[in-house]
Engineer: 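Can you keep this structure in mind? I'll have questions shortly.
The model shown is predicted, which means the values in this text are computed figures rather than measured ones. Atoms within a ligand are numbered from 1 in the order they appear, just like the ligands themselves.
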Amino acid sequence: MTEPLTIWTYDWVPGGKSGPRGFVRDLRLRWACEEAGLDYDVRSVSFHHRGAEHFARQPFGQVPFLEDGDINVFESGACLLYLARKSETLMPRDRKGEAETLEWTIAALNSIEMVTVPWWFIGLSKGAENPLEGWVLQRLTHLEAVLAEREWLAAGRFTVADLLMADVLRVPKVKAAGDFPALKSYVERICARPAFKRAHDGQMAHFAQADPQS
Ligand SMILES: N[C@@H](CCC(=O)N[C@@H](CS)C(=O)NCC(=O)O)C(=O)O
């Protein structure tokens, strides 16, 4: 019998309105496993005390990382592509479908999240004009044009690229960045998938267990 996969996340993250519960990136891995019907356990590293063992598995002291027997993978995008090799549900096996899935998975990270995350961080300091505003709006405008014409990013069906792109776009600040109806309905559609709800509920329960007060 094969061992279940282990998804590693923090033991705790801040709760409340502005806390990251429901958005910690282990959700991406949970969601992929739920979509693909892959067995997984979730284990925790300390949020407050990130020791040498944690850095040995995630060189930036972050989460998530994935354990599959003697294999350890860090970076949520790499973990998703690793999981996609285990299940055709996440990535088609034909060369064209696979190439499209790869390009859009990397685009979610390297063309959208690479801009939205620093934009969001800069936006936390009130008052000053955000120098990345135009860049974010330009990227979302281009993506809007793509998603106005198609239901899925790659291969004409749901893939891990949709999972990742929707996870990048569902961040409240990004959703509120401008009027992008195709992006809005895309995120609603992808996040309405039962596997997303199971992953989200799983993460919320994980952190609530650690800290039932928040
Ligand atoms: N590029 C990394 C980013 C990981 C990341 O930002 N993780 C957050 C949680 S979602 C974290 O650990 N933040 C704490 C920190 O950066 O110290 C990935 O996609 O896995």
Side-chain angles (χ1 to χ4, degrees), residues 5-35 40 42-68 71-85 90-91 101-125 132 136 139 153 159-175 187 190-191 196 199-211 214:
L5 298 154
T6 304
I7 296 171
W8 287 84
T9 188
Y10 292 122
D11 55 351
W12 175 91
V13 294
K17 218 164 159 252
S18 52
R21 294 183 187 190
F23 293 92
V24 180
R25 287 172 176 80
D26 66 82
L27 192 146
R28 297 173 177 179
L29 279 52
R30 292 171 184 260
W31 186 0
C33 288
E34 293 285 350
E35 291 282 358
Y40 65 98
V42 178
R43 293 183 65 188
S44 305
V45 284
S46 169
F47 176 80
H48 288 108
H49 307 287
R50 302 181 199 174
E53 209 192 320
H54 182 171
F55 279 87
R57 292 182 293 184
Q58 214 294 359
F60 307 104
Q62 297 181 307
V63 299
F65 49 91
L66 179 69
E67 191 181 322
D68 182 14
I71 295 180
N72 184 85
V73 188
F74 71 95
E75 282 294 336
S76 60
C79 296
L80 290 179
L81 291 173
Y82 180 85
L83 294 173
R85 296 187 70 180
L90 299 171
M91 181 162 70
T101 306
L102 292 176
E103 70 188 357
W104 278 108
T105 300
I106 301 301
L109 296 171
N110 208 32
S111 294
I112 303 294
E113 189 169 51
M114 187 267 278
V115 185
T116 55
V117 168
W119 166 77
W120 175 74
F121 272 116
I122 290 172
L124 292 176
S125 49
L132 300 189
V136 162
R139 287 289 156 90
L153 285 173
T159 67
V160 73
D162 293 305
L163 181 162
L164 184 55
M165 188 66 89
D167 194 58
V168 169
L169 296 175
R170 78 185 173 91
V171 173
K173 259 293 188 207
V174 178
K175 273 166 82 176
V187 170
I190 307 291
C191 293
F196 171 79
H200 187 269
D201 290 354
Q203 179 174 110
M204 295 307 279
H206 175 88
F207 292 127
Q209 200 180 19
D211 184 8
S214 15

Engineer: Any luck finding a side-chain donor-acceptor pair between H54 and S46 under 3.5 Å?
Structural biologist: no

Engineer: Is the CZ atom of F121 crowded by more than 12 outside heavy atoms at less than 6.0 Å?
Structural biologist: no

Engineer: If I compare all heavy atoms of W31 with all of C191, which pair ends up nearest, and what's the gap?
Structural biologist: CH2-SG, 4.3 Å

Engineer: Under 3.5 Å, side-chain donor or acceptor atoms of residues 75-83 against the rest of the protein: list the pairs with distances, not counting sequence neighbours.
Structural biologist:
{"residue": "S76", "atom": "OG", "partner": "R28", "partner atom": "NH1", "Å": "3.0"}
{"residue": "Y82", "atom": "OH", "partner": "D68", "partner atom": "OD2", "Å": "2.6"}

Engineer: Could you name the protein residues that come within less than 4.0 Å of ligand 1, counting only heavy atoms, and order them by chain and residue number?
Structural biologist: Y10, V24, R25, R50, Q62, V63, P64, E75, S76

Engineer: Work out which heavy atom in H206 is nearest to a heavy atom in Y10; give both atom names and the distance.
Structural biologist: NE2-O, 2.9 Å

Engineer: Are any side-chain N or O atoms of D26 and backbone N or O atoms of W8, one a donor and one an acceptor, separated by less than 3.5 Å?
Structural biologist: no

